[in-house]
Visitor: 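Below you will find the structure I want to go over with you.
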Amino acid sequence: AEYNIEIESTTLMLFGAPAPGGKAMYKSPRIGLDAFCQKLLVYKKAGEVFIAYNDIIEFSELYYQTWTIPQRVVNYRINSVFENAITK
(Lines give C-alpha, C1' and ligand atoms only; values in the text may rest on other atoms or scores of the structure.)
Protein backbone atom coordinates (compact mmCIF):
# COMPACT_ATOMS: atom_id res chain seq x y z
CA ALA A 1 0.00 0.00 0.00
CA GLU A 2 2.87 2.36 0.81
CA TYR A 3 4.07 2.06 -2.80
CA ASN A 4 0.61 2.15 -4.42
CA ILE A 5 0.79 -1.55 -5.32
CA GLU A 6 -2.39 -3.50 -4.80
CA ILE A 7 -2.29 -7.25 -4.57
CA GLU A 8 -5.01 -9.63 -3.54
CA SER A 9 -4.77 -11.60 -0.29
CA THR A 10 -1.39 -13.31 0.08
CA THR A 11 -0.02 -15.39 2.95
CA LEU A 12 3.49 -16.80 3.22
CA MET A 13 3.91 -19.63 5.74
CA LEU A 14 7.34 -20.86 6.85
CA PHE A 15 8.03 -24.39 8.08
CA GLY A 16 11.20 -25.98 9.32
CA ALA A 17 12.94 -28.33 11.71
CA PRO A 18 16.69 -28.16 12.32
CA ALA A 19 17.36 -31.92 12.46
CA PRO A 20 15.89 -33.03 9.12
CA GLY A 21 16.88 -29.80 7.41
CA GLY A 22 20.47 -30.14 8.63
CA LYS A 23 20.68 -33.73 7.37
CA ALA A 24 19.26 -32.70 4.01
CA MET A 25 21.80 -29.86 3.74
CA TYR A 26 24.83 -31.89 4.83
CA LYS A 27 26.15 -32.84 1.38
CA SER A 28 24.61 -29.91 -0.47
CA PRO A 29 24.46 -26.89 1.86
CA ARG A 30 23.41 -24.31 -0.75
CA ILE A 31 20.03 -25.98 -0.97
CA GLY A 32 19.34 -24.27 2.35
CA LEU A 33 19.07 -20.94 0.56
CA ASP A 34 15.91 -21.92 -1.29
CA ALA A 35 14.54 -25.06 0.30
CA PHE A 36 14.92 -24.50 4.07
CA CYS A 37 12.97 -23.32 5.81
CA GLN A 38 10.28 -24.60 3.51
CA LYS A 39 7.78 -22.02 2.36
CA LEU A 40 4.14 -22.33 1.35
CA LEU A 41 2.60 -19.38 -0.46
CA VAL A 42 -1.18 -19.01 -0.60
CA TYR A 43 -2.36 -16.19 -2.82
CA LYS A 44 -5.32 -14.88 -4.74
CA LYS A 45 -5.16 -13.75 -8.34
CA ALA A 46 -8.22 -12.60 -10.25
CA GLY A 47 -10.35 -13.99 -7.41
CA GLU A 48 -8.89 -17.52 -7.69
CA VAL A 49 -6.81 -19.05 -4.86
CA PHE A 50 -3.41 -20.57 -5.67
CA ILE A 51 -0.95 -22.51 -3.53
CA ALA A 52 2.74 -22.72 -4.38
CA TYR A 53 5.76 -24.35 -2.80
CA ASN A 54 9.17 -25.49 -3.96
CA ASP A 55 10.27 -29.07 -4.49
CA ILE A 56 13.51 -29.82 -2.62
CA ILE A 57 14.57 -32.52 -5.09
CA GLU A 58 14.17 -30.13 -8.03
CA PHE A 59 16.37 -27.57 -6.24
CA SER A 60 19.00 -30.17 -5.46
CA GLU A 61 19.07 -31.35 -9.06
CA LEU A 62 19.29 -27.72 -10.23
CA TYR A 63 22.25 -26.88 -7.98
CA TYR A 64 24.04 -30.24 -7.78
CA GLN A 65 22.62 -32.39 -10.60
CA THR A 66 21.80 -35.01 -7.93
CA TRP A 67 19.84 -35.50 -4.72
CA THR A 68 20.44 -37.32 -1.41
CA ILE A 69 18.30 -39.75 0.59
CA PRO A 70 17.72 -37.22 3.44
CA GLN A 71 16.54 -34.67 0.86
CA ARG A 72 14.19 -37.26 -0.65
CA VAL A 73 12.79 -38.12 2.83
CA VAL A 74 12.21 -34.48 3.80
CA ASN A 75 10.70 -33.73 0.38
CA TYR A 76 8.30 -36.67 0.68
CA ARG A 77 7.18 -35.61 4.17
CA ILE A 78 6.69 -31.98 3.20
CA ASN A 79 4.82 -32.84 0.00
CA SER A 80 2.58 -35.27 1.89
CA VAL A 81 1.73 -32.70 4.56
CA PHE A 82 1.09 -29.91 2.05
CA GLU A 83 -0.97 -32.11 -0.28
CA ASN A 84 -3.11 -33.40 2.59
CA ALA A 85 -3.65 -29.88 3.90
CA ILE A 86 -4.53 -28.56 0.45
CA THR A 87 -7.09 -31.26 -0.33
CA LYS A 88 -8.93 -30.94 3.00
Side-chain angles (χ1 to χ4, degrees):
E2 182 180 339
Y3 297 102
N4 277 339
I5 300 170
E6 289 187 34
I7 61 172
E8 294 186 63
S9 297
T10 302
T11 301
L12 176 64
M13 293 178 264
L14 308 174
F15 300 87
K23 288 178 186 175
M25 290 172 55
Y26 179 70
K27 288 191 177 179
S28 47
R30 282 182 38 202
I31 199 169
L33 289 171
D34 293 307
F36 301 107
C37 64
Q38 182 62 311
K39 297 162 254 339
L40 178 76
L41 181 66
V42 181
Y43 64 98
K44 245 184 183 181
K45 187 172 183 177
E48 191 173 349
V49 176
F50 295 89
I51 298 171
Y53 59 94
N54 293 327
D55 186 282
I56 294 166
I57 300 303
E58 288 179 11
F59 271 107
S60 187
E61 289 174 343
L62 174 68
Y63 286 130
Y64 300 100
Q65 293 74 49
T66 189
W67 51 266
T68 65
I69 296 297
Q71 291 168 351
R72 176 76 62 193
V73 169
V74 171
N75 198 59
Y76 174 79
R77 289 179 184 166
I78 289 171
N79 287 336
S80 294
V81 168
F82 287 171
E83 288 173 14
N84 284 331
I86 291 167
T87 58
K88 292 184 179 183

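Every value quoted in this text rests on a predicted model; they were computed, and no experiment measured them.
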Visitor: What's the verdict on side-chain contact (heavy atoms from CB on, under 4.5 Å) for Trp67 and Ile56, showing C-alpha distance, side-chain angles and the deciding distance?
Guide: CA-CA 9 Å; Trp67 51 266; Ile56 294 166; over 6 Å; no

Visitor: Got a donor-acceptor contact below 3.5 angstrom from the Asn79 side chain to the Asn75 backbone?
Guide: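 Answer holds: yes.
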
Visitor: With rounding to the nearest 0.5 angstrom, report the CG to CG distance, Leu62 to Asp55.
Guide: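 Going from CG on Leu62 over to CG on Asp55, the span is 11.5 Å.
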
Visitor: In a table with atom names and distances, give each donor-acceptor pair under 3.5 Å that connects a side chain of residues 5-15 to protein atoms at least two apart or in another chain.
Guide:
from  : atom 1 : to    : atom 2 : distance (Å)
Glu8  : OE1    : Gly47 : N      : 3.2
Glu8  : OE2    : Ala46 : N      : 2.6
Glu8  : OE2    : Gly47 : N      : 3.3
Thr10 : OG1    : Glu8  : O      : 3.0

Visitor: Report the distance from atom OG1 of Thr68 to atom OH of Tyr26, rounding to the nearest 0.5 Å.
Guide: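 Rounded to the nearest 0.5 Å, the OG1-OH separation comes out at 11.5 Å.
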
Visitor: With rounding to the nearest 0.5 angstrom, report the CD1 to CZ distance, Ile57 to Arg72.
Guide: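 One gets 4.5 Å once the value is rounded to the nearest 0.5 Å.
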
Visitor: Between Leu41 and Ile78, is there a shared hydrophobic cluster once you connect ILVMFWY residues whose side-chain heavy atoms come closer than 4.5 Å?
Guide: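 Hydrophobic grouping puts Leu41 apart from Ile78.
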
Visitor: Taking Tyr76 as the starting point, is it possible to reach Val81 by hopping between hydrophobic residues whose side chains are less than 4.5 Å apart?
Guide: no

Visitor: Taking ring-ring contact (aromatic ring centres under 6.0 Å, His included) as the definition, give me every residue that meets it alongside Phe50, ordered by chain and number, with sequence neighbours left out.
Guide: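 So Phe50 forms a ring-ring contact (aromatic ring centres under 6.0 Å, His included) with Tyr43.
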
